[in-house]
Trainee: 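Mind having a look at this structure? Questions to follow.
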Amino acid sequence: MKNKVLGIIGGGQLGRMTALAAAKLGIECHVYDPDPNAPAFQVCFKSYINDYEDLDAIKQFAKKIDVALYEFENIPLKSAQIIEELCLLRPSSFVLSISQDRLVEKNFLINKAKVQTAKFYECNSHNDLVNAKKLIKGQAVLKTRRFGYDGKGQIKIDLDTNLLEAWKSIGSDELILEEFIPFKRELSIIIARDQNNKVQLYDTVENKHKNHILDQTIAPAPGISNKVSQLARDIAISIANEIDLIGILAIELFELNNGGLVVNEIAPRPHNSGHWTMDGCFTDQFEQAVRAAIGINLGSTERLFDVVMQNLIGDDIYLADNLINDPNCRVHKYGKKEIRPGRKMGHVNHIIR
Ligand code: AMP
């Protein structure tokens, strides 16, 4: 049987680790990214250095591959739809359209997937914001509908925050105001679903952030009750089925003191909180995304080791040279030439055994 050719839209660390997983299965990968230094270009068969808006280049890319997946949500929907006309796109452009807009996503989560989210209001003007703030009463978070990541595009709104200043400084007039959730901790779960609607779930993990960037993932989430664990799985299955996922999907959750779970956001791609699976599970999240895209059976998500995943951010990458000598550490470097504060340079999986 001829192996299918996989296209990866986005050549950052997620695209790179996906390409490496695909290579292990003998799959040829073509990577598309506007940045000539994209880390995935170092490890793939063919590179396309073009803008995501360049529809001619997008078409050329799509004609050379059998199936595409994406490593991030902010590719233009139009480009994704063109790819979908010429080859398979997994997850679909429908999934992408939901995950790239917080308002659409939240409406989908509540009305279709029937899961709990923070109370939210659409805000398209300062006046909307003032009204929404009255309805929420307590603390809130103002978020841009699009292009937010690692805490960018959001402002915490306290009781004394000047709403006009917040409105002016966020730099967009397509916003939502969300109630602030006084969570006990942040969790996430990753689900994989194949073309035959079969699902595989990874263990729910706990995520700790520093400066709004994921710092550490503890897998499995320490002390998680069976009830919360089952609730996380049920939420993931509802969303994956309702969105008709083919691929993998990460779901970020807030755990409440009463054992409830509130969905924060979803990401239909490999996720930083799933990096532990590379050394902790029988099949890691990247291979799982490739399997779902290519159309081969999903692998087992069985956890072989407990893992603490530590991101190496900015200068932390210098720690990698020592950590690599630790027999309980598995070090992953992303091959990024330039070290910048806040830039994800690598991660280390501390294996607990
Ligand atoms: P996000 O970009 O939506 O993933 O938010 C980044 C981080 O901000 C989350 O991981 C939380 O720590 C925090 N956060 C976002 N939304 C809320 C909320 N509604 N209530 C409390 N914390 C939040």
Side-chain angles (χ1 to χ4, degrees), residues 12 14 71-74 96 98-110 113 115-123 129 132-159 161 163 166 169-172 174-190 204-219 221 232 235-236 239 249-276 309-311 313 342-344 347:
L14 301 177
E71 65 144 20
F72 74 126
E73 289 89 86
N74 290 332
L96 184 71
I98 288 176
S99 64
Q100 58 184 203
D101 183 325
R102 288 185 196 276
L103 180 65
V104 176
E105 179 177 295
K106 284 217 155 52
N107 279 321
F108 172 84
L109 290 170
I110 287 194
V115 299
Q116 202 191 331
T117 72
K119 207 194 277 177
F120 64 96
Y121 297 95
E122 180 178 1
C123 295
L129 175 58
K133 183 69 189 59
K134 282 185 197 145
L135 294 167
I136 285 182
K137 294 189 181 80
Q139 292 176 312
V141 188
L142 183 63
K143 296 183 178 180
T144 56
R145 281 172 57 177
R146 292 168 169 273
F147 305 118
Y149 69 99
D150 289 346
K152 294 190 176 65
Q154 60 175 274
I155 298 176
K156 173 116 181 283
I157 305 286
D158 291 312
L159 297 177
T161 303
L163 293 184
S169 66
I170 201 160
S172 167
E174 290 192 317
L175 305 167
I176 59 168
L177 188 72
E178 227 176 81
E179 73 177 314
F180 182 84
I181 304 289
F183 54 78
K184 181 169 128 193
R185 59 178 174 172
E186 293 188 72
L187 304 176
S188 62
I189 184 165
I190 294 176
T204 299
V205 298
E206 177 176 350
N207 298 312
K208 296 186 173 178
H209 296 83
K210 257 192 202 161
N211 304 322
H212 300 288
I213 301 173
L214 182 68
D215 180 48
Q216 213 176 57
T217 294
I218 309 170
I235 289 171
I239 299 172
L249 179 82
I251 297 140
E252 296 179 17
L253 301 157
F254 297 137
E255 184 180 12
L256 309 179
N257 285 318
N258 67 8
L261 290 176
V262 171
V263 178
N264 176 32
E265 62 178 3
I266 61 174
R269 54 169 172 80
H271 193 260
N272 197 166
S273 72
H275 290 1
W276 71 278
M309 188 287 304
Q310 178 71 50
N311 264 342
I313 298 182
R343 190 172 199 206
K344 290 175 181 168
H347 69 269

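Read the numbers this way: they start at 1 and go in the same order the structure lists the ligands and their atoms.
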Trainee: With hydrogens left out, which residues have an atom under 4.0 Å from ligand 1, given that only heavy atoms count?
Mentor: Arg102, Val141, Lys143, Gln154, Glu178, Glu179, Phe180, Ile181, Phe183, Glu186, His209, Glu252, Phe254, Asn264, Glu265
Trainee: Does Lys208 have more than 12 heavy atoms from other residues, nucleotides or ligands lying within 6.0 Å of its NZ?
Mentor: no
Trainee: Have Ser273 and Ser188 got a donor and an acceptor in their side chains that come within less than 3.5 Å?
Mentor: yes
Trainee: Which atom pair, heavy atoms only, marks the closest approach of His347 to Asn311?
Mentor: CB-OD1, 3.7 Å
Trainee: Do Asn264 and Phe183 come close enough that some side-chain heavy atom pair is under 4.5 Å?
Mentor: no
Trainee: Taking atom types as modelled, find out whether Gln216 and Asn207 have a side-chain donor-acceptor pair closer than 3.5 angstrom.
Mentor: no
Trainee: Are any non-hydrogen side-chain atoms of Lys119 and Leu135 less than 4.5 angstrom apart?
Mentor: no
